[in-house]
Trainee: 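Handing you a structure now.
Hydrogens, waters and symmetry mates play no part in the numbers below; they use all other heavy atoms, side chains included. Just so you know, ligand 1 is whichever comes first in the structure, and atom 1 is the first atom listed for that ligand.
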Amino acid sequence: MNIDRLKQIVLEAGEIVKEGYVSHKEVSHKGVVDLVTEFDVKTETFIIDQLKEAFPGYALVGEESHQGSYHYEKAIYIDPIDGTTNFVHGIPHLAISLGVWEEGEPVLAVVYNPILEELFWAVKGEGAYCNGKKLEVSTQSRLQNALIATGFPYAKVNAGVEYRWVIDCMTNLLPHIQDIRRLGAAAVDLCYLAQGKVEAFYEIDLKPWDVAAGILIVQEAGGEVSNVNGERYNFDDKSIVASNSKVHTQLLEKLEKI
Ligand code: IPD
Ligand code: CA
Ligand code: CA
């Protein structure tokens with residue numbers, strides 16, 4: 001496996017996203033508030049064509065084309081644009097995310113924000129980096145001083161259990177932390193945690209392509225990832241909780257089980 005080839009692929013794919021960011025876009029709805037543009041599809045098609053050649057033998061699990069299982073012996077999880085709502089609204093918090101997993105473990109990760117030209121990457125056992133600088137999670141150990149990123153699932157529009165969970169967690173958490181950020185791209189939120197900008201991140205209903213790369217980047221920067229029960233996270237879990245490890249237990253105590 002070659003991290004340099006993976007970086008090269010996202011840098012090239014970034015040109016498509018950059019072009020789309022400043023162009024008029026045809027926007028379609030996958031759900032009531034879940035958007036997709038022609039650039040999500042074009043970027044994913046480009047990435048898949050490149051990966052097929054560069055990484056034969058890997059299942060290619062892309063948000064816009066994949067159907068079926070999330071579990072493979074060797075797979076690459078692809079989010080061509082994480083943060084499509086930001087992309088459509090001209091807000092530069094978005095990224096291309098590629099996470100390579102083997103036998104249930106992340107081994108390589110790249111997350112590239114082509115608008116801000118930030119390239120995050122990690123290799124298992126070799127650390128995590130942004131534009132060549134080594135990443136380390138923050139050393140903050142008091143939940144009250146923690147800035148926490150989260151996201152709201154598209155299912156919120158049904159005002160059902162997911163919506164209730166979001167509100168209940170916020171009710172429990174908000175008085176006991178510094179503040180909440182809802183930035184709009186889970187893959188980048190995880191990179192910001194790895195970079196020490198936020199102390200933790202949690203969300204429900206995420207898909208493997210949202211987190212497959214960010215998990216390794218957090219772990220390699222010294223952070224911790226679990227589900228809301230504090231168990232090892234797996235792609236079938238409804239929840240993910242990631243932190244600098246120092247506030248992990250305190251955060252889990254405030255989050256509702258789901
Ligand atoms: C979404 C973003 C967002 C998160 C959503 C994701 P998309 O991905 O990561 O921050 O809250 O749950 O689905 O749809 O922009 O690729
Ligand atoms: Ca996504
Ligand atoms: Ca996406």
Trainee: Residue-level breakdown please: for D79 versus ligand 1, do any non-hydrogen atoms fall below 4.0 Å on the side chain, on the backbone, on both, or on neither?
Mentor: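 For D79, the contact with ligand 1 is made by the side chain alone.
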Trainee: Looking at the Ca ion (ligand 3), is one of the N, O or S atoms of V36 less than 3.0 Å from it?
Mentor: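 So V36 does not bind the Ca ion (ligand 3) by this criterion.
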Trainee: Students often mix this up, so state it plainly: with edges at 30° and 60°, are the rings of F235 and W101 parallel, tilted or perpendicular?
Mentor: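 Ring orientation, 0 to 90° scale: tilted.
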Trainee: For ligand 1, find out whether one of its N or O atoms is nearer than 3.5 Å to an N or O atom of T84.
Mentor: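 N/O-N/O distance under 3.5 Å: yes.
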Trainee: Need the atom name: nearest N/O/S atom of E63 to the Ca ion (ligand 3).
Mentor: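 Nearest N/O/S atom of E63: OE1.
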Trainee: Going by the atom numbers of ligand 1, which of them fall below 4.0 Å from some non-hydrogen atom of I81?
Mentor: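 The list of qualifying atoms is 16 (O).
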Trainee: Report whether I204 and V225 are members of the same hydrophobic cluster (ILVMFWY, side-chain heavy atoms less than 4.5 Å apart, transitive linking).
Mentor: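 They do not share one cluster, since no chain of ILVMFWY contacts under 4.5 Å joins I204 to V225.
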Trainee: Among all protein heavy atoms, pick out the one at the shortest distance from atom 11 (O) of ligand 1; state its residue, atom name and that distance to 0.1 Å.
Mentor: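 Of the protein heavy atoms, E203 OE2, 2.5 Å lies nearest.
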Trainee: Going by the angle between their ring planes, with limits at 30° and 60°, are F87 and Y21 parallel, tilted or perpendicular?
Mentor: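 Ring orientation, 0 to 90° scale: tilted.
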Trainee: Tell me: protein heavy atom nearest atom 14 (O) of ligand 1, and distance?
Mentor: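 Result: Y154 OH, 2.7 Å.
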Trainee: Above 12 or not: heavy atoms from other molecules or residues under 6.0 Å from CD of Q250?
Mentor: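 For Q250, atom CD is crowded (more than 12 foreign heavy atoms under 6.0 Å).
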Trainee: To the nearest 10 degrees, could you say what angle the Ca ion (ligand 2) makes with OD1 of D210 and OD2 of D79?
Mentor: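 The OD1/OD2 angle about the Ca ion (ligand 2) sits at 100°.
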Trainee: Near L206, which atoms of ligand 1 are under 4.0 Å from a heavy atom of that residue?
Mentor: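 Answer for ligand 1: 12 (O).
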Trainee: Relative to ligand 1, is R182 under 4.0 angstrom through side chain, backbone, both or neither, heavy atoms considered?
Mentor: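 Near ligand 1, R182 shows its side chain, while the N, CA, C and O stay back.
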Trainee: Determine, considering heavy atoms only, which of A155, G83, G184 sits nearest to atom 10 (O) of ligand 1.
Mentor: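 Among A155, G83, G184, the closest heavy atom to atom 10 (O) of ligand 1 comes from G184.
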Trainee: Heavy atom under 4.0 Å from ligand 1: found in A186's side chain, backbone, both, or neither?
Mentor: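 Both parts.
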Trainee: Nearest protein heavy-atom contact for atom 8 (O) of ligand 1: which residue, which atom, what distance?
Mentor: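 Ranking protein heavy atoms by distance from atom 8 (O) of ligand 1, first comes D82 OD1, 3.0 Å.
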Trainee: Out of the N/O/S atoms in D82, what is the name of the one closest to the Ca ion (ligand 2)?
Mentor: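 Output for this pair reads OD1.
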Trainee: Do L6 and F46 belong to the same hydrophobic cluster, where Ile, Leu, Val, Met, Phe, Trp and Tyr are linked whenever their side-chain heavy atoms lie under 4.5 Å apart, directly or via other members?
Mentor: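 Linked, L6 and F46 end up in one cluster.
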Trainee: Does any non-hydrogen side-chain atom of Q195 lie less than 4.5 Å from one of C130?
Mentor: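 When only atoms from C-beta onward are counted, Q195 and C130 do touch, with a gap below 4.5 Å.
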Trainee: Near E38 CD, under 6.0 Å, is it more than 12 heavy atoms from other residues, nucleotides or ligands?
Mentor: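 Enclosed: over 12 neighbouring heavy atoms sit under 6.0 Å from CD of E38.
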Trainee: Which residue, D189, N86, N113, D82, forms the side-chain hydrogen bond (donor to acceptor under 3.5 Å, both in side chains) with H93?
Mentor: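 So, applying the side-chain hydrogen bond (donor to acceptor under 3.5 Å, both in side chains) to H93 and each of D189, N86, N113, D82, only D189 qualifies.
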Trainee: Using 30° and 60° as the class boundaries, would you call the ring planes of W121 and Y129 parallel, tilted or perpendicular?
Mentor: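 Geometry flag for Y129 against W121: parallel rings.
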Trainee: Please check if the number of heavy atoms outside E53 that lie under 6.0 Å from its CD is greater than 12.
Mentor: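 No, not enclosed.
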Trainee: Does ligand 1 have any atom that is closer than 4.0 Å to a heavy atom of E63?
Mentor: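 It does; at least one heavy atom falls under 4.0 Å.
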